[in-house]
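Here is the naming used below: chain letters follow the sequence lines, and residue numbers restart at 1 for every chain. What you see below is based on every heavy atom in this structure, not just the backbone, and it leaves out hydrogens, waters and symmetry mates.
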2 protein chains.
Amino acid sequence: MDNREKIMLESLELFSKSGYDNVGIQEICDNSSITKPTLYHYFGSKSGLLEEIMLENHKKLRNAIISSAEYSGDLPLAVNKTVRSYFNFAKNNPGFYRIMLCSFCAPVNSDLYRVSHKLMLNQYEIIEKLFKSAAADHGNMKNKHTSLAVTFIGHINTYISMWLNNFRELDEDLVFSASHQFMHGIYS
Amino acid sequence: MDNREKIMLESLELFSKSGYDNVGIQEICDNSSITKPTLYHYFGSKSGLLEEIMLENHKKLRNAIISSAEYSGDLPLAVNKTVRSYFNFAKNNPGFYRIMLCSFCAPVNSDLYRVSHKLMLNQYEIIEKLFKSAAADHGNMKNKHTSLAVTFIGHINTYISMWLNNFRELDEDLVFSASHQFMHGIYS
DNA sequence: CTTCCACTATACCGATTGGTATAATACACA
DNA sequence: TGTGTATTATACCAATCGGTATAGTGGAAG
């Protein structure tokens, strides 16, 4: 594993455990067995490091959900698949998901917000597109795309957050009931 | 307004805008028109200040929801009233609610977590008690108290978070549909 | 053999961090 | 008017923050 990757992995770990602001550059370097000039050689700044971490992992998430969230006439199916994709991604990237959850409610005046905000909006857009396509077949969804997308991701994050805090498993039963419950919220 | 209160109000404002870690003691003092020894006279430390802010506001929240979340044979009613209480509290204390949302996903190794964790658990307990009482009349809720409580608060926070980010209003319609959707999740 | 480049080591920078020691002040009470 | 106490102001602390300058090392490629 090269140094760049080592730094990213290690700082992701530290950020998720202590929070971006509570981790110093020196601490990252010590844990990665590299020196400060090396870190600045690759990332330029602390927020630059955060940005690359968020960009790279967001890309993986995006790839995971973008195909699940495709509408082909069956909205419950797409919703079900998307929930499953999110759950699986969280399981495979718990450290990053922790940080992402923080970034959903990050203070406006923080590096995490500045770096992540557009990425969060991009996530909304992907899901919004699903509901926009489905609206043609579901009249009661008209002009609610954004609201639905935000609610949907919010509910998914509720379950993932529960899992991260050991309140519940992310199993196939939960995929079903979460999807089912959300769909009921649309129809009613 | 006395200095103690002035400090608490001002730092709550700053914390919610920039995050606890990004606000320095000096900045709080400048904005409150007091000096550092005064702050340390009242609160002892930065985390002590955070603790008093969280304790005091949590107390207000607790008082607001504890009567709403009382079970008197009508679960949908109690759920509805509780959602309304949360929404109203958030409307009246947006700054604190922002911080509280952060504290639900705060990194374990942070002041915010250390100060808030028990308070969050206490919130769960209050709601858990509601579902525990209701379980006598609703067989399918047995042994799901904790899970239900966490999910319930999680869903409420999703809507409040949307409101804080200007995606949606917290009106009476949303109180109804949020309650309705959650109840459907229980019955199914 | 030389050039290039990723990387290290060390030492440093100014600014800011949370926190404190000490002395002056304002005010209630006698 | 004098005294005690609660609160404040000024000035300071060591430590750490993010970030950089400089000089040098090891190894691969031409």
Side-chain angles (χ1 to χ4, degrees), chain A residues 1-56 99 102-103 106-116, chain B residues 1-56 99 102-103 106-116:
Chain A
M1 179 172 21
D2 68 346
N3 283 336
R4 202 188 106 98
E5 200 178 343
K6 196 159 45 166
I7 295 169
M8 288 180 73
L9 278 175
E10 200 59 50
S11 50
L12 175 63
E13 182 80 9
L14 291 169
F15 290 164
S16 74
K17 277 185 183 158
S18 307
Y20 173 78
D21 295 309
N22 287 316
V23 180
I25 297 284
Q26 193 58 58
E27 193 181 349
I28 297 174
C29 294
D30 293 346
N31 281 65
S32 313
S33 308
I34 53 105
T35 54
K36 284 168 96 176
T38 305
L39 190 149
Y40 281 91
H41 167 71
Y42 284 118
F43 303 103
S45 69
K46 192 188 179 187
S47 61
L49 167 59
L50 178 65
E51 189 168 3
E52 296 232 22
I53 290 175
M54 296 306 289
L55 274 173
E56 203 158 286
I99 300 176
C102 292
S103 76
V108 185
N109 196 3
S110 67
D111 278 350
L112 188 55
Y113 181 87
R114 278 183 285 273
V115 163
S116 310
Chain B
M1 181 171 20
D2 68 346
N3 282 336
R4 203 188 105 98
E5 200 178 343
K6 196 159 47 168
I7 295 169
M8 290 181 72
L9 278 175
E10 200 60 48
S11 51
L12 175 62
E13 182 81 9
L14 292 169
F15 289 164
S16 74
K17 277 184 184 158
S18 307
Y20 173 78
D21 295 310
N22 287 316
V23 180
I25 298 284
Q26 193 57 57
E27 192 181 349
I28 297 174
C29 295
D30 292 346
N31 281 66
S32 315
S33 310
I34 53 103
T35 55
K36 283 168 100 173
T38 306
L39 190 150
Y40 279 91
H41 166 71
Y42 285 118
F43 303 104
S45 69
K46 192 188 179 186
S47 62
L49 166 59
L50 178 66
E51 189 167 3
E52 296 231 23
I53 290 176
M54 296 307 288
L55 274 172
E56 202 158 286
I99 300 177
C102 292
S103 78
V108 185
N109 195 2
S110 67
D111 279 348
L112 189 54
Y113 180 87
R114 278 184 284 273
V115 162
S116 310

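Atoms OH (Tyr42(B)) and P (dA6(D)) sit 12 Å apart, rounded to a whole Å. Atom CG of Asp2(B) is separated from atom P of dA26(C) by 19 Å (rounded to the nearest Å). Counting to the nearest Å, the P atom of dG19(D) and the CG atom of Leu49(A) are 10 Å from each other. In this structure, Lys36(B) atom NZ and dT17(C) atom P are separated by 8 Å, rounded to whole Å. What separates CD1 of Ile28(A) from P of dG19(D) is a distance of 10 Å, to the nearest Å. Remark: C1' of dC17(D) and CG of Asp111(A) are 13 Å apart, rounded to the nearest angstrom. The separation between Leu39(B) atom CG and dT8(D) atom P is 11 Å, rounded to whole Å. Rounded to whole Å, atom C1' of dG18(D) lies 15 Å from atom CD1 of Ile7(A).
Taking 4.0 Å as the cut-off between side-chain N and carboxylate O, Lys17(A) and Glu27(A) do not count as a salt-bridged pair. The existence of a salt bridge linking Glu51(B) and Arg114(B) is excluded, since no basic side-chain nitrogen approaches an acidic carboxylate oxygen closer than 4.0 Å.
Nucleic acid contact for Thr38(B): sugar-phosphate only, since backbone atoms but no base atoms lie under 4.0 Å from a heavy atom of the residue.
With 3.5 Å as the limit, one finds a donor-acceptor pair spanning the side chains of Tyr20(A) and Asp111(A).
Looking at Lys46(B), its side chain has no donor and acceptor atom pair within 3.5 Å of the base of dG18(C).
Looking at Phe15(B) and Asn22(B), their side chains never come closer than 4.5 Å, going by heavy atoms from C-beta outward.
Set against dT8(D), dG18(C), dG19(D), the side chain of Tyr40(B) has dG18(C) as its closest nucleotide.
Between Thr35(B) and the phosphate of dA9(D), there is a side-chain N or O to OP1/OP2 separation shorter than 4.0 Å.
If you find the closest nucleotide of DNA chain D to Val23(A) and to Pro37(A), the one lying nearer the 5' end belongs to Val23(A).
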